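Not measured: the values here are computed from a predicted model. In what follows, every heavy atom counts, from backbone to side chain, and hydrogens, waters and symmetry copies are set aside. Residue indices begin at 1 and follow the sequence shown.
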Amino acid sequence: RVRTKNSDVNGVIGALTHMNVLSPSKERRDTLAFVYMNNGQHVQALNTIGIEKNADDSDLAVQIKAVSLKALNQPKRALEHFELLFERDPSPYIAYELADLKIQVGDTNGAIANIDYGIANATDEMRYAFYERQQPYEVPLKAAFYHLKGLADFNVDKENIDAAITSIDEALKIAPNFNLASLSKQALEARKQ
């Protein structure tokens, strides 16, 4: 019979769970949580490793907590884990997640610091995927940062819509097919009227 991806994943989960019962280890627990996270089972991932911030967590465990909490729409909780990842190994990708979450929770100044870091450190090869359409698409990470900069600019001064549009235009210059940036620009232009 034909095995589906799902039954394969369930087989892996079953095997890892069994191994962890027979011989518990942090590595096995983290691996099991990672399989859950990769399969979109974020609640199970967090049930496996917890949501607390632990300094002795592996980088993988911190990543699982950050990504799963973000996926479950817990931006404040996700933020503390992304902050820990950034402390351990700063990267433009983590800076993007931090900036995005900080905008969501209203920490615009914190977001701007992460955006400035990201624009300065993102290389042309770095890309970021967006899933808000039927067909996911990727844009250069730098364009994604300019889009966030536009949103942050708007949050700083809701009267100065032109400054926000200027940043979003910068994103569209880099990535003309950046759908989310186009939608943000339309929304900002509508506010100007």
Side-chain angles (χ1 to χ4, degrees), residues 34 37-40 42 59-60 62-193:
F34 181 75
M37 178 194 80
N38 255 1
N39 203 36
H42 298 288
D59 290 350
L60 180 61
V62 178
Q63 182 191 346
I64 293 163
K65 290 175 183 183
V67 170
S68 292
L69 286 163
K70 180 184 179 197
L72 294 170
N73 204 18
Q74 297 284 324
K76 280 197 173 82
R77 283 186 159 148
L79 255 172
E80 60 181 23
H81 297 291
F82 278 115
E83 290 281 14
L84 184 56
L85 281 177
F86 193 77
E87 281 168 28
R88 290 179 179 188
D89 187 15
S91 87
Y93 287 106
I94 299 171
Y96 182 86
E97 299 297 344
L98 286 168
D100 188 28
L101 289 166
K102 286 176 183 176
I103 287 172
Q104 287 179 42
V105 301
D107 177 9
T108 305
N109 291 337
I112 289 169
N114 293 126
I115 291 165
D116 291 344
Y117 172 91
I119 289 172
N121 291 284
T123 65
D124 294 343
E125 296 75 47
M126 293 179 171
R127 305 189 63 76
Y128 193 86
F130 288 89
Y131 299 92
E132 93 275 1
R133 292 163 62 175
Q134 289 306 108
Q135 194 61 45
Y137 62 97
E138 284 188 341
V139 301
L141 183 59
K142 199 166 273 197
F145 273 114
Y146 276 111
H147 174 249
L148 282 187
K149 184 174 179 344
L151 301 180
D153 291 343
F154 177 71
N155 286 345
V156 168
D157 181 1
K158 297 206 179 345
E159 298 306 303
N160 191 358
I161 292 176
D162 289 333
I165 290 176
T166 299
S167 292
I168 291 174
D169 279 340
E170 196 62 40
L172 290 166
K173 214 183 296 171
I174 299 169
N177 60 346
F178 189 172
N179 184 60
L180 191 59
S182 298
L183 294 174
S184 295
K185 183 177 177 179
Q186 289 166 20
L188 288 166
E189 284 173 337
R191 281 192 78 116
K192 274 179 76 168
Q193 258 102 73

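Contact of the Glu97 side chain with the His81 side chain is not registered, since no non-hydrogen atoms from C-beta on lie closer than 4.5 Å. Within the 4.5 Å cutoff, the side chain of Leu79 has heavy atoms near those of the Val105 side chain. Using a 4.5 Å heavy-atom cutoff, the side chains of Thr166 and Asp153 are not in contact. Residues Phe145 and Glu170 form no side-chain contact, since every pair of their non-hydrogen atoms from C-beta on lies 4.5 Å or further apart. Using a 4.5 Å heavy-atom threshold, the side chains of Leu72 and Arg77 count as separate. By the 4.5 Å heavy-atom criterion applied to side chains, Lys192 and Ile165 are counted as neighbours. Within the 4.5 Å cutoff, the side chain of Ser182 has no heavy atoms near those of the Leu180 side chain.
Under the salt bridge (Lys or Arg N to Asp or Glu O under 4.0 Å) criterion, Arg127 pairs with Glu138, not counting sequence neighbours.
Here the shortest heavy-atom pairing between Ser184 and Leu151 reads OG-CD2, 4.1 Å.
Within 6.0 Å of CG in Asp157 there are more than 12 heavy atoms belonging to other residues, nucleotides or ligands. Enclosure of atom NZ in Lys149 is not indicated, since only 12 or fewer non-hydrogen atoms of other residues, nucleotides or ligands lie within 6.0 angstrom.
Each of Leu101, Leu98, Asp100 was evaluated against Asn114; a single residue qualifies, Leu98, per the side-chain contact (heavy atoms from CB on, under 4.5 Å) test.
By the 30° and 60° cut-offs, the orientation of the rings of Phe130 relative to Phe178 is tilted.
Rounding to the nearest 0.5 Å places CD1 of Ile103 at 12.0 Å from CZ of Phe154.
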